[in-house]
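What you see below is based on every heavy atom in this structure, not just the backbone, and it leaves out hydrogens, waters and symmetry mates. Along the sequence shown, residues carry numbers from 1.
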Amino acid sequence: MPDNKPTRNLALDLVRVTEAAALAAGRQMGLGDKIAADQAAVDAMRLVLNTIEMDAVIVIGEGEKDEAPMLYNGEHLGTGNPPELDIAVDPIDGTRPLAHGQWNSVATVALAPRGAMLNPGPVLYMDKIAVGPEARDVIDLDAPPAENLKRIAQAKGDKVEDLTVMILDRPRHADLIQAVRACGARIRLIPDGDVNGALMTAWPASGIDVLLGIGGTPEGVIAACALRCMGGNIQGRLVARTPEEEARGRELGYDFHKVLRIDDLVASQDVFFAVTGITNGDLLRGVDYYGNGATTDSLVMRGLTGTYRRIQATHHLDTLNRISGIAY
């Protein structure tokens, strides 16, 4: 367990990061250009991250150095002064929905003490189960879907038929979808954005009870940070896409059979997480531009206290554009 814990509440610093990313990327809504949208979010996010009093290293980033223009894995961000932190970024969770003008695109960032976050290395996919506080102690990734849904329903005082299961809409999930349907639970298929999906399991008014299926490993680590703050839980198992990826992962010491608990994904309670809506969604409203201003809707959380805040902000764009290197 890392002992270099941050002593300041960095939550409100982080929300400035996700607000900036959302304001920049929101201009790309529906324009069909995922690369331009991602670049806008990355540029804005990096600019603000470098103003925060911290010595942070990116563990979950936009790509390895020279393959992504900014926010690459291993990059140092912040002023260079303590505390020493890990940082995980997903400048746009739901790039495709943003590019096509669809729902539930958000900007996210998480911080934890140095060495606390799982570094997924070359293993980019993970089988996951995520739930909110009521069912946090009953899930088991090794159990079949029917057993997990039965346990979750009992923990929540519901019937299995009352549950709504969120699953990424992918061909690889055909058997999983069939198994959930056989139990009688309802299914919400999503095109992208399983960080947002994991968050929804812990948000009382979302109507989502559990997230199941294979999604990104980086997104799993970011979701673990958020769920630690919200009292939920997540388990995962690494999944190799090819024999070559599995061989490389094993050489680096990754175990493809082990069930990763939330403590394996982020080994500290002193985590910070922020998320801002880019397009309208189930949790957050998207960026609304008008005249010379814009509004944003965000959640910001600290795991050590269990506090999370909803922040609805009004931004004066002419002022921001005068003092910032980013055109909002």
Side-chain angles (χ1 to χ4, degrees), residues 93-94 103-104 106 108 126-170 172-215 219-220 222-237 259-266 269 273 275 277 280-285 297 299 301 303 306-310:
D93 181 48
W103 278 42
N104 287 321
V106 298
T108 69
M126 173 189 290
D127 193 12
K128 308 171 192 174
I129 181 170
V131 293
E134 293 171 299
R136 60 165 292 120
D137 297 323
V138 302
I139 57 173
D140 180 1
L141 191 62
D142 282 331
E147 179 62 25
N148 274 306
L149 294 177
K150 178 182 176 181
R151 294 179 184 181
I152 293 166
Q154 289 176 341
K156 294 171 72 74
D158 294 331
K159 303 186 296 292
V160 170
E161 292 81 3
D162 298 328
L163 301 181
T164 300
V165 183
M166 182 165 278
I167 303 173
L168 280 169
D169 190 5
R170 299 289 188 273
R172 63 177 177 262
H173 289 146
D175 290 343
L176 172 61
I177 291 169
Q178 184 177 359
V180 172
R181 286 174 174 165
C183 298
R186 301 186 301 169
I187 295 176
R188 171 86 175 274
L189 294 175
I190 54 172
D192 291 284
D194 61 346
V195 173
N196 196 46
L199 277 174
M200 289 170 66
T201 68
W203 191 255
S206 74
I208 302 300
D209 299 287
V210 54
L211 173 77
L212 290 175
I214 297 172
E219 288 82 354
I222 296 172
C225 293
L227 289 169
R228 289 209 76 136
C229 297
M230 301 176 81
N233 198 7
I234 184 171
Q235 295 179 7
R237 182 186 292 107
V259 173
L260 300 170
R261 313 287 174 176
I262 196 167
D263 287 339
D264 297 311
L265 298 173
V266 56
Q269 189 65 27
F273 175 82
V275 55
N280 286 340
D282 297 90
L283 280 182
L284 299 165
R285 287 192 55 79
D297 189 15
L299 292 172
M301 312 173 191
T307 301
Y308 53 91
R309 299 174 172 89
R310 186 161 192 167

Practice prompt. Please check if any side-chain donor atom of D137 sits under 3.5 Å from a side-chain acceptor atom of N233, or the reverse.
Written response: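 The criterion, which ignores hydrogens and geometry beyond distance, is not satisfied for N233 and D137.
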Worksheet item: Thinking salt bridges, do D169 and R188 make one under a 4.0 Å N-O criterion?
Response: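 Salt bridge between D169 and R188, a charged N being under 4.0 Å from a carboxylate O: no.
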Item to complete: May I ask you to decide whether K159 forms a salt bridge with D162, counting only side-chain N to carboxylate O separations under 4.0 Å?
Response: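 Yes, K159 and D162 are salt-bridged.
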Discussion item. Looking at R172, I want to see if its CZ is surrounded by more than 12 non-hydrogen atoms of other residues, nucleotides or ligands under 6.0 Å.
Written reply: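 Correct, the count exceeds 12.
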Worksheet item: Taking everything shown except K156 itself, do over 12 heavy atoms lie less than 6.0 Å from its NZ?
Response: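 Yes, because the 6.0 Å sphere around NZ of K156 holds more than 12 heavy atoms from other groups.
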Calculate, to the nearest 0.5 Å, the distance between atoms [atom1] and [atom2] belonging to [X] and [Y] respectively.
| X | Y | atom1 | atom2 | value |
| --- | --- | --- | --- | --- |
| L260 | L141 | CG | CG | 9.0 Å |
| T164 | D158 | OG1 | CG | 9.5 Å |
| L189 | I177 | CG | CD1 | 4.5 Å |

Exam field: side chain [X] to backbone [Y], donor-acceptor pair closer than 3.5 Å:
| X | Y | answer |
| --- | --- | --- |
| N148 | P145 | no |
| E219 | G193 | no |
| R170 | P191 | yes |
| N280 | W103 | no |

Worksheet item: Please, which pairs that meet salt bridge (Lys or Arg N to Asp or Glu O under 4.0 Å) have at least one residue in residues 139-148, sequence neighbours excluded?
Response: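 Checked against salt bridge (Lys or Arg N to Asp or Glu O under 4.0 Å) - neighbours excluded - the pairs reaching residues 139-148 are D142-R237, E147-R151.
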Worksheet entry | Qualifying residues under side-chain hydrogen bond (donor to acceptor under 3.5 Å, both in side chains), relative to D93, sequence neighbours excluded |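 With neighbours one apart ignored, the set is empty.
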Fill in: Candidate list N196, L299, N104, test side-chain contact (heavy atoms from CB on, under 4.5 Å), partner L284, passing option
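Considering N196, L299, N104, a side-chain contact (heavy atoms from CB on, under 4.5 Å) with L284 is found only for L299.
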